Amino acid sequence: MIKITIDGAVYEAEEGMTVLEVARANDVAIPTLCFHPALKPSGSCRLCAVEVAGRASGQPTVMLSCVLKAKDGLAVRASGEIVARAHSKAFRNLLTMAPQSERIIELARVHGIDPGPPPDGCVRCRLCIRVCKEIVGPGALRMEKRDGLSYVVPIEGKCIGCGTCANICPTQVIHIADKENVRTISIRDDIIGRHPLERCEGCGKLYATPKFLAHIEHRTTDHPHTKAAHHYCPTCAKLFSDRIQSVREHTRK
Ligand code: FES
């Protein structure tokens with residue numbers, strides 16, 4: 001028989017047992033996911049981290065209790081700030097790979113670990129914010145800190161419904177939904193803008209929002225074709241423009 005200490009309490013153990021087995025035999029709670037009593041431990045999920053005190057460096061070391069063998073006199077902590085940090089990191093890592101896992105979220109809750117907000121699919125590249133401000137102009141998006149994390153959020157009333165943010169987003173986390181004659185642009189549950197859609201005067205297709213068309217009218221340089229054709233969808237505008245061109249060429253002949 002050997003003796004090890006977990007969180008200040010001394011426990012007897014058989015030679016060859018792991019720290020996790022000793023903890024489980026004595027009702028000391030340590031989270032695990034990849035451990036199965038019928039299989040050899042693999043140390044994959046890293047949830048079972050414990051702090052080992054009094055190592056050669058004198059610094060506390062975090063080790064995986066499912067693979068750490070119990071040795072006579074070994075002292076570990078299965079709780080405390082260092083262990084909580086290690087558990088939190090492991091939980092977040094797992095949830096990055098399996099954000100839908102109710103089991104992991106519940107396990108974190110049971111062990112008092114905040115797994116953090118679920119991933120939202122946004123990689124924080126800010127392309128949407130930059131294109132809206134630098135190219136299109138309205139500046140309808142900004143970053144906002146929520147619970148220590150930065151999120152892309154809309155600025156109320158600024159969106160003109162062009163959809164450039166959704167088109168440039170590399171992870172498709174910004175959505176455009178054109179339903180009947182209404183366009184809704186959203187990120188997560190936040191509505192960036194909701195706009196009526198206008199019909200093309202040429203083909204009748206719903207194609208753009210009035211705010212976007214008004215914006216274009218102010219932003220584009222004076223060009224007779226563009227101004228004359230701004231109530232046409234891109235296809236009809238092109239046809240319209242080509243037709244004017246050919247009429248001009250024809251009359252020059
Ligand atoms: Fe998964 Fe130890 S139980 S690493």
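Keep in mind it's a predicted model, so treat the numbers as computed, not measured. We number each residue from 1, following the sequence as shown.
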Given Arg146 and Asp190, is the salt bridge (Lys or Arg N to Asp or Glu O under 4.0 Å) satisfied, shown in steps? CA-CA 14 Å; Arg146 289 179 184 172; Asp190 293 333; 3.5 Å; yes

Ile155 and Leu141: side-chain contact (heavy atoms from CB on, under 4.5 Å), yes or no, with the steps? CA-CA 6 Å; Ile155 302 174; Leu141 296 163; over 6 Å; no

Start with the C-alpha distance between Ile187 and Ile192, add both sets of side-chain angles, then the distance that settles side-chain contact (heavy atoms from CB on, under 4.5 Å), and finish with yes or no. CA-CA 7 Å; Ile187 179 164; Ile192 298 170; 3.8 Å; yes

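Using a 4.0 Å cut-off between charged side-chain N and carboxylate O, Arg24 and Glu21 make no salt bridge.
Looking at Arg142 and Val153, their side chains come closer than 4.5 Å, going by heavy atoms from C-beta outward. With contacts defined as side-chain heavy-atom distances shorter than 4.5 Å, the pair Cys45/Leu94 qualifies. Within the 4.5 Å cutoff, the side chain of Thr235 has no heavy atoms near those of the Cys203 side chain. At least one side-chain heavy atom of Pro234 sits less than 4.5 Å from a side-chain heavy atom of Tyr207.
One N or O on the side chain of Thr209 and one on the backbone of Ile160 form a donor-acceptor pair closer than 3.5 Å. Checked by atom type and distance alone, the side chain of Thr18 never pairs as donor or acceptor with a backbone atom of Leu68 at under 3.5 Å.
Residues Val173 and Cys169 approach most closely at N-SG, 3.3 Å, considering heavy atoms.
Judged by the 6.0 Å distance and 45° axis criteria, Arg109 is not positioned over the aromatic ring of Phe91.
For the residue pair Ser44 / Ser42, a side-chain donor-acceptor distance below 3.5 Å is found, with atom types taken as modelled.
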